[in-house]
Amino acid sequence: MTGASGLLGSHVARRAAGRFDTLGVFQSFQPPDFPGRLESLDLADAAAVRSRLDDFRPELIIHCAALADADRAQREPDLARRLNVDATATLAQAARRLGAKLLFVSTDLVFDGRKGAPYVEDDPPCPLSLYGQTKLEAEQAVRAGCDAWLIARTSLIVGPSPRGNRGLDEKLGLALREGRAVKLFVDEFRCPITAGDLAAAMLELADSPHTGVFHLVGSERLSRYEIGMRLARRFGWSTETIEAKSTRDVPMNPPRPADLVLDNAKARQALKTPLRGLTDALASLSGNSWGGCPPACSSPPASA
Ligand SMILES: NC(=O)c1ccc[n+]([C@@H]2O[C@H](COP(=O)([O-])OP(=O)(O)OC[C@H]3O[C@@H](n4cnc5c(N)ncnc54)[C@H](OP(=O)(O)O)[C@@H]3O)[C@@H](O)[C@H]2O)c1
């Protein structure tokens, strides 16, 4: 699996431990206590990626690595293309050559948020940002490049990350604890999901006969402001520096998609793993920790 040092990858690795013979790869940050084999591998180095995969011969590739910071992707388009598109294409071609299944993690930002109703898997994408565009091109590379593929489109991810600063809750908590002003939009809607729920759903999906596109998002539509307030209240952070704003008051280039609600009915029908909304996920926390892994899939393939 790629992105082993990232927010999502670390949760996938934890849930895969003991059931998959896992090789996790990262670029620069070696995560402590990784439950499996771990190596540094630059995914932008196509020859090195091909060679390592030919050697390891995975049955399943879970691709969590990305330039996942949308603002940075906008500023550094070449890097975003190299990592988000070209590296994904390399993995897709390797998966076909090795007869492996590829699970690629995509984003709700492939849509423009103007539909006015929840997006289903077959709706035509129309990204507004460079990040969304690169993830869409990566989806196309997956469809064209390999035979057995899954695309899991997700939304804002909350939960602890190895660096302590990648989860949506971690970013907000850092800002509020430092007393920084935080502007949150009341008219930008998303369906956040916990990293734990998402990782469990991905592993269950990967271990099933299903292929194709799935929307793995939480089952609750919330504005950025509502998300922030729920997190702050649950973790006991002061909300004094949170400011409710409208996207109309803050000119942005590219504009933020206003209403990115993805319909997760197809995934809920296919999977046992619950795709909880943020309110339910926060209500089930013990203390101030995300803790507890939900049960995941059985009978995994030998190597991933
Ligand atoms: N976070 C969200 O809210 C969100 C929302 C929707 C979709 N997604 C998607 O979900 C996936 C996981 O996101 P995340 O938030 O977990 O990402 P993240 O925490 O930023 O982690 C990114 C991972 O990619 C690795 N990486 C970066 N450049 C690399 C390279 N050249 N070679 C090898 N590895 C490299 C990083 O390794 P190092 O740490 O070693 O640099 C890290 O493990 C991504 O596909 C993202 O697009 C995320």
Side-chain angles (χ1 to χ4, degrees), residues 7 66-77 80 84 105-120 123-137 139 153-159 165-194 198 215-235 237-264 275 277-279 281-282:
L7 166 61
L67 180 50
D69 177 336
D71 293 336
R72 186 168 169 212
Q74 199 71 32
R75 290 193 308 271
E76 299 184 52
N84 293 355
V105 184
S106 189
T107 173
D108 51 3
L109 290 167
V110 297
F111 296 114
D112 62 13
R114 292 174 184 147
K115 183 180 174 189
Y119 286 94
V120 294
D123 278 329
C126 182
L128 300 181
S129 63
L130 193 285
Y131 170 71
Q133 178 63 33
T134 60
K135 297 296 280 189
L136 174 59
E137 288 174 25
E139 286 190 8
R153 291 193 188 124
T154 194
S155 182
L156 300 172
I157 305 173
V158 296
N165 62 1
R166 286 292 308 152
L168 182 65
D169 50 322
E170 291 177 327
K171 290 182 210 166
L172 180 69
L174 285 169
L176 294 182
R177 287 198 303 273
E178 287 170 7
R180 277 187 267 144
V182 178
K183 296 183 173 73
L184 295 176
F185 294 124
V186 295
D187 51 0
E188 183 200 350
F189 296 92
R190 308 287 282 272
C191 297
I193 186 166
T194 69
L198 176 55
H215 287 173
L216 301 186
V217 299
S219 301
E220 185 179 25
R221 170 187 185 267
L222 293 169
S223 71
R224 284 263 189 185
Y225 177 75
E226 291 167 322
I227 295 168
M229 293 301 280
R230 276 170 174 64
L231 290 169
R233 289 198 187 112
R234 180 61 187 82
F235 293 113
W237 302 321
S238 166
T239 56
E240 257 173 46
T241 56
I242 294 184
E243 201 183 330
K245 296 293 277 187
S246 164
T247 50
R248 286 190 301 275
D249 303 332
V250 184
M252 279 172 298
N253 190 17
R256 293 261 187 105
D259 203 349
L260 276 183
V261 177
L262 304 198
D263 186 332
N264 65 9
L275 298 170
L278 184 66
T279 308
L282 289 174

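- Here the side chains of Leu109 and Pro257 are in contact, with some heavy-atom distance below 4.5 Å.
- Using a 4.5 Å heavy-atom threshold, the side chains of Leu275 and His215 count as separate.
- Between Ala73 and Leu67, the closest heavy-atom pair is CA-CD2, 3.9 Å.
- Counting only distance, with no hydrogens or angles, the side chain of Ser129 and the backbone of Gly132 share a donor-acceptor pair below 3.5 Å.
- The shortest heavy-atom contact between Val186 and Ser246 is CG2-CA, 4.5 Å.
- Taken from CG in Leu7 to CD in Glu170, the straight-line distance is 7.0 Å, to the nearest 0.5 Å.
- Arg190 places none of its side-chain heavy atoms less than 4.5 Å from the side chain of Val217.
- Looking at heavy atoms from C-beta onward, Asp108 lies in side-chain contact with Ser155 at the 4.5 angstrom threshold.
- Contact annotation: the side chain of Phe235 never approaches that of Leu172 to less than 4.5 Å [non-hydrogen atoms, C-beta and beyond].
- No cation-pi contact links Arg224 to Phe185, judged by a cut-off of 6.0 Å to the six-membered ring centre and 45° from its axis.
- Contact detail for Trp237 and Asp169: the closest heavy-atom pair is CH2-O, 3.3 Å.
- Going from atom CG of Leu128 over to atom CD of Gln133 covers 10.5 Å, rounded to the nearest 0.5 Å.
- Atom CG of Asp69 and atom OH of Tyr131 lie 9.0 Å apart (nearest 0.5 Å).
- Side chain to side chain, Asp259 and Tyr119 fail the donor-acceptor criterion of an N or O pair below 3.5 Å.
- Listed by chain and residue number, Phe104, Val110, Lys135, Glu139, Ile151, Arg153 satisfy the side chain to side chain contact (heavy atoms under 4.5 Å, CB included) test with Ser106 (two or more places apart in sequence, or in another chain).
- Between the Thr241 side chain and the Arg180 main chain, a donor and an acceptor come within less than 3.5 Å of each other.
- In this structure a side-chain-to-backbone donor-acceptor pair under 3.5 Å is missing from Arg221 to Val261.
- Two residues are said to be in side-chain contact when any heavy atoms from C-beta on lie closer than 4.5 Å; Arg166 and Lys171 meet this criterion.
- Other residues, nucleotides and ligands contribute at most 12 non-hydrogen atoms within 6.0 Å of the CD atom of Glu240.
- Interatomic distance, Phe111 CZ to Leu262 CG, rounded to the nearest 0.5 Å: 6.0 Å.
- Side-chain N or O atoms of Gln74 include one that pairs as donor or acceptor with a backbone N or O of Leu130 at under 3.5 Å.
- Residues Pro255 and Thr247 form no side-chain contact, since every pair of their non-hydrogen atoms from C-beta on lies 4.5 Å or further apart.
- Remark: Asn264 CG to Ile193 CD1 distance equals 8.0 Å, nearest 0.5 Å.
- Between the NZ atom in Lys183 and the NZ atom in Lys245 there is a gap of 6.0 Å [rounded to 0.5 Å].
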Worksheet item: Passes side chain to side chain contact (heavy atoms under 4.5 Å, CB included), Glu137 versus Asn84? Steps please.
Response: CA-CA 8 Å; Glu137 288 174 25; Asn84 293 355; over 6 Å; no
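- Among all heavy-atom pairs drawn from Asp123 and Pro118, the shortest one is OD2-O, 4.1 Å.
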Throw together a table of side-chain donor-acceptor distances under 3.5 angstrom for residues 226-233, partners on residues two or more places apart or in other chains.
| from | atom 1 | to | atom 2 | distance (Å) |
| --- | --- | --- | --- | --- |
| Glu226 | OE1 | Ser223 | N | 2.7 |
| Glu226 | OE1 | Ser223 | OG | 3.4 |
| Arg230 | NE | Thr279 | OG1 | 2.9 |

